[in-house]
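Counting starts at 1 for both ligands and their atoms, in listed order. Everything quoted here is computed from the prediction, not taken from an experiment. Residues: numbered from 1 along the sequence shown.
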Amino acid sequence: MTSSEDLHKRRVAAVARGVGSTIASYVDHAAGGTLTDLEGREWIDFASGIAVTTVGNAAPRVVAAVREQVERFTHTCFMVAPYESYVSVCEQLITLTPGGFEKRAALFNSGAEAVENAVKIARHATGRPAVVVFDHAYHGRTNLTMALTAKNMPYKHRFGPFAPEVYRAPMSYPLRDGGLDGAEAARKAIDVIEKQVGAGNVAAVLIEPIQGEGGFVVPAPGFLPAIAAWTAEAGAVFIADEIQTGFCRTGQWFASEHEGLEPDLITTAKGMGGGLPIAGVVGRAELMDAVHVGGLGGTYGGNPVACAAALAAIETMRELDLAASARHIEAKLKAALSDISDDGIAEIRGRGAMIAIELVQPGTIEPDPVRTAAVSKACHEAGLLTLTCGTYGNVLRFLPPLVISDEDLDRGVAILRAALR
Ligand SMILES: *Cc1c(COP(=O)(O)O)cnc(C)c1O
């Protein structure tokens with residue numbers, strides 16, 4: 001039988017070095033809260049393939065729906081010969097996202113592609129060029145989304161030149177912006193936009209309601225509503241990038257709901273497809289329908305197998321009430337971590353099953369990426385799959401599948417606590 005070690009040798013000879021992996025073990029199979037490698041070693045999964053396997057890996061409904069669809073047809077291209085499941089996924093996006101207004105949706109293959117299309121739609125509908133994004137933002141790795149993403153290494157370094165008409169405003173980051181409240185932080189951001197861009201030039205303001213790769217940054221209450229209100233007044237499009245936060249991850253169907261936001265457009269991907277690649281843009285009908293026929297699409301966007309998986313994943317979320325599971329995971333993780341006395345922990349934050357620990361040099365807010373990498377490595381060695389993130393690489397983040405058992409969650413926390421020591 002092939003071993004992880006052998007496979008790693010083949011990988012180094014065949015796979016481009018630029019594509020990294022968190023661990024060097026190779027997966028044999030996976031379930032609700034665990035991965036098992038080729039050696040039969042079990043990993044508790046606090047990564048969910050980067051917030052994708054919300055309903056678990058190989059979730060029964062998803063497996064059945066994919067099997068059934070793959071036997072009927074695998075691809076026709078919705079732009080050539082349409083099919084029901086694409087329409088059904090759009091209906092679900094319209095029903096599940098916040099906003100009582102009339103909506104339309106369109107499907108794509110990846111998060112970056114959804115973000116690109118949301119920007120296309122906003123520019124087309126407004127006839128304006130500028131897109132405002134925020135410090136620490138992550139929106140993808142294509143040329144436009146690299147421009148929208150904040151962090152140079154590893155995402156942008158030597159990959160320029162980047163798309164123009166992208167402007168960056170300061171983010172509300174309570175630990176690192178001097179503790180500005182939401183209204184003050186919004187004023188600061190709006191000041192930058194008004195002075196450096198000009199309200200009348202702004203097509204869209206694009207923001208993650210809780211930042212993902214940027215460090216699970218939860219803005220101060222009131223920041224997002226103030227930015228959304230300014231955007232509406234400016235006649236621009238407020239786009240919530242819910243690719244990581246959407247589909248129950250933060251304890252609501254969409255994180256925008258925590259602050260009563262009704263974004264003009266929402267981008268979704270990751271958790272929505274039960275592991276299959278699918279993404280969407282959903283929002284105001286007058287914006288979505290502003291684009292001429294044929295202006296949106298792609299060969300594989302809303303592939304029928306991926307649509308079948310998404311419908312089954314959504315049904316699973318609804319039937320198992322996975323938003324409630326996310327709130328349960330939040331309560332359990334926060335309680336289990338709250339009594340750690342460690343002056344290198346600056347903050348434990350996040351919502352639902354999107355929880356992070358930010359590590360600093362004791363007594364300061366100087367980031368400690370070295371310890372963060374060491375803790376993460378210790379977790380991996382002890383069989384817990386965790387990820388790091390943050391502009392300064394000093395945030396440990398936990399994204400378990402929402403179907404993880406209490407027992408696996410407890411085992412994971414015990415490993416984490418030991419690794420921190
Ligand atoms: C992952 C992510 C993206 C990019 O999605 P891909 O499917 O990797 O292209 C965009 N925005 C946010 C907030 C993300 O977390």
- Task: Not counting sequence neighbours, which residues clear salt bridge (Lys or Arg N to Asp or Glu O under 4.0 Å) with E259? List them please.
- Result: none
- Query: So, are E165 and R128 salt-bridged, with charged N and O less than 4.0 Å apart?
  - Reply: no
- Query: Can you tell which of K151, H136, Q244 makes a side chain to side chain donor-acceptor pair (under 3.5 Å) with E213?
  - Reply: Q244
Do any nitrogen or oxygen atoms of ligand 1 lie under 3.5 Å from a protein nitrogen or oxygen, and which ones?
from: ligand 1; atom 1: 7 (O); to: G111; atom 2: N; distance (Å): 2.7
from: ligand 1; atom 1: 9 (O); to: G111; atom 2: N; distance (Å): 3.4
from: ligand 1; atom 1: 9 (O); to: A112; atom 2: N; distance (Å): 2.8
from: ligand 1; atom 1: 11 (N); to: Y138; atom 2: O; distance (Å): 3.4
from: ligand 1; atom 1: 11 (N); to: D241; atom 2: OD1; distance (Å): 3.4
from: ligand 1; atom 1: 11 (N); to: D241; atom 2: OD2; distance (Å): 2.7
from: ligand 1; atom 1: 15 (O); to: Q244; atom 2: NE2; distance (Å): 2.9
from: ligand 1; atom 1: 15 (O); to: K270; atom 2: NZ; distance (Å): 2.6

- Task: Mind listing the closest non-hydrogen atom pair of F46 and G412 along with its distance?
- Result: CZ-CA, 3.8 Å
- Message: For the residue pair T372 / N394, report whether a side-chain donor-acceptor contact shorter than 3.5 Å exists.
- Response: no
- Query: Are F254 and F247 close enough that their ring centres sit under 6.0 Å apart?
  - Reply: yes
